[in-house]
Protein chains: 2
Amino acid sequence: MLLLEQRIKEKNLSLTERALRCDACAIRHRGVCEVLDREELLALNRISAKKIVPKGQMILGEGDARTVFANIISGVVKLTKSLEDGRQHIIGLLFPPDFLGRAYRPDNPYFAEAATEVELCIFPTSGFERILRAHPALEHRLFELTLSELDASREWMLLLARKTAAEKVASFLLMLAKRAPALGCPHMPKPQTIRIELPLSRAEIADCLGLTIETVSRQMTRLKTAKIIELLDYREIAVPDLAKLERAAQSAH
Amino acid sequence: MLLLEQRIKEKNLSLTERALRCDACAIRHRGVCEVLDREELLALNRISAKKIVPKGQMILGEGDARTVFANIISGVVKLTKSLEDGRQHIIGLLFPPDFLGRAYRPDNPYFAEAATEVELCIFPTSGFERILRAHPALEHRLFELTLSELDASREWMLLLARKTAAEKVASFLLMLAKRAPALGCPHMPKPQTIRIELPLSRAEIADCLGLTIETVSRQMTRLKTAKIIELLDYREIAVPDLAKLERAAQSAH
DNA sequence: CGAATTGTTGAATATTCTCAACAGAGGTGG
DNA sequence: CCACCTCTGTTGAGAATATTCAACAATTCG
């Protein structure tokens with residue numbers, strides 16, 4: 001097993017090497033890690049392992065015993081829930097530097113899958129919860145992040161319950177524009193036209209919004225016809241005027 | 001101001017009296033308080049005040065600066081969010097012994113209103129957050145409760161996104177049967193027929209489910225016609241066979 | 001008791017879904 | 001490199017579900 005070999009190799013790293021590895025990490029100063037001091041970081045680092053998960057692969061199973069916690073370093077993870085007859089819904093998307101995993105619960109309440117190729121910094125369950133208990137700063141930070149997730153999920157509920165198909169699709173694109181890693185160099189002054197890479201297929205977008213594939217597709221062309229977006233490619237769109245998209249997300253018109 | 005008088009009176013209570021007050025509380029061994037030891041309980045008690053909020057009155061405003069945290073001792077609180085054009089959605093219902101308030105954020109992300117007459121044990125913002133920081137057990141407990149709320153809100157998202165009107169109404173009634181304080185004596189062996197007191201109007205139920213009043217009404221009569229529920233009163237229903245209701249909540253059929 | 005509010009029911013309408021056909025993109029093997 | 005196949009996305013027509021508008025019934029409150 002590749003994971004095991006990797007872990008053995010990593011066990012042999014010196015502490016200095018370990019600390020350096022975190023220093024070089026893209027999310028060292030973001031997400032859960034941002035509040036950690038040197039000692040806390042090292043404690044976590046000691047039980048962590050890097051893992052690349054290919055697109056489409058399951059990370060956590062719904063109802064399974066939990067196996068890992070993880071920081072998302074790159075890529076997008078989708079969290080889904082299903083009804084018995086197969087209807088499903090994407091209850092959340094995780095972007096870097098989001099944290100994956102449900103603490104203090106024996107089973108996992110949702111299914112987690114790599115929506116794109118994903119780079120993870122994983123922690124075994126028991127070790128992570130032990131460190132969590134021992135370091136209030138870490139637990140406090142995770143609490144804050146959980147509160148934000150709860151806020152976001154309630155915001156999304158309003159969208160699911162009360163927005164029209166047109167508003168839903170516009171809101172989805174807007175969410176991506178805000179949350180997804182920007183295309184191009186992040187230090188460049190923002191060009192007027194924003195390009196968004198869609199990490200999801202039409203089917204997955206439909207599962208995010210509680211719509212069908214066809215409705216998503218129709219609303220995308222509607223937005224294109226209204227000159228609010230340009231479809232550069234099935235997986236890439238351009239937004240010439242973000243304010244227009246914001247208006248479309250608020251009122252179907 | 002009534003609240004002020006009450007607070008002055010309460011300041012003069014002896015510590016013994018205070019401790020006794022908590023001992024007599026209906027939710028002393030539930031919710032946030034259940035994990036607190038004598039000392040922690042007293043610290044909280046010292047800054048707390050009882051408050052009765054009449055049905056329909058606002059408790060927290062959306063976007064307002066936060067004013068209080070509170071334990072729900074009795075009654076039901078509804079949390080709502082609105083779009084600019086007035087469309088609204090009930091993003092959550094709080095029953096005893098739920099906790100009300102969003103820690104670590106300057107503004108309140110939702111509107112909180114008494115759905116029925118509500119009895120609260122309120123804590124001023126700053127004092128509560130100070131105690132929260134000083135007592136990891138309290139923060140840990142609140143973290144656990146927040147995680148459960150997040151799980152529940154994601155479960156509800158699946159309902160909003162993928163269930164039919166019939167399934168939504170059945171699921172709503174089922175949720176009440178599980179969460180709302182049971183009618184009659186709680187120590188009595190459960191009668192086969194469960195009676196549920198609806199804490200919400202049809203309009204509020206519609207706002208919970210992302211439906212219109214009329215659709216909720218029609219689905220209620222549909223459930224009545226199918227003998228799954230009996231309408232004893234606009235505000236009270238009976239469920240002769242909970243398993244039937246569970247089936248209705250899973251598949252429209 | 002009467003007014004106001006809340007809930008129910010019906011008919012027509014609108015939005016979204018379903019089914020179906022087709023188009024474009026991407027990958028594989030000849 | 002192209003033909004072929006598969007997978008994903010688009011578009012259209014008809015159907016289904018939920019909404020809107022409207023009238024009326026039941027309940028609550030003063």
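Owing to the predicted nature of the structure, the values given are computational and were not obtained by experimental measurement. Every chain is numbered from 1, with letters handed out A, B, ... down the list of sequences.
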Between P of C:dG7 and CD of B:E236, the distance in whole Å: 15 Å
d(CD1, A:I213; P, C:dC17) in whole Å: 11 Å
Nearest-angstrom distance from the residue atom CG of A:L231 to P of D:dT8: 18 Å
Distance (rounded to the nearest 0.5 Å) between A:M175 CE and A:L93 CG: 5.0 Å
Separation of atom CG in A:L209 from atom P in C:dT15, rounded to whole Å: 18 Å
Side chain proximity check, B:L242 to B:L174, heavy atoms < 4.5 angstrom: yes
Protein-nucleotide distance (A:R222, atom CZ; C:dT15, atom C1'), rounded to Å: 12 Å
Phosphate contact (C:dT9 OP1 or OP2) by B:S217 side-chain N/O below 4.0 Å: no
Candidate list B:E155, B:M157, B:K163, B:R162, test side-chain contact (heavy atoms from CB on, under 4.5 Å), partner B:L159, passing option: B:K163
Polar contact flag, side-chain donor to acceptor under 3.5 angstrom, A:S153-B:S153: yes
Atom pair distance, as rounded to whole Å: CG in B:L200 and P in C:dT6: 13 Å
Euclidean distance, atom CZ of residue A:R235 to atom C1' of C:dG24 [Å, nearest integer]: 15 Å
Passing option when A:I72 is tested against A:I59, A:L100, A:I27 for side-chain contact (heavy atoms from CB on, under 4.5 Å): A:L100
Candidates A:V239, A:L198, A:I194 - the one meeting side-chain contact (heavy atoms from CB on, under 4.5 Å) with A:L173: A:L198
Euclidean distance, atom CZ of residue A:R202 to atom C1' of D:dC7 [Å, nearest integer]: 14 Å
Sugar-phosphate or base contact per nucleotide [nucleotides 15-30 of chain D; S, B, -; heavy atom under 4.0 Å]: ---SBBB----SS---
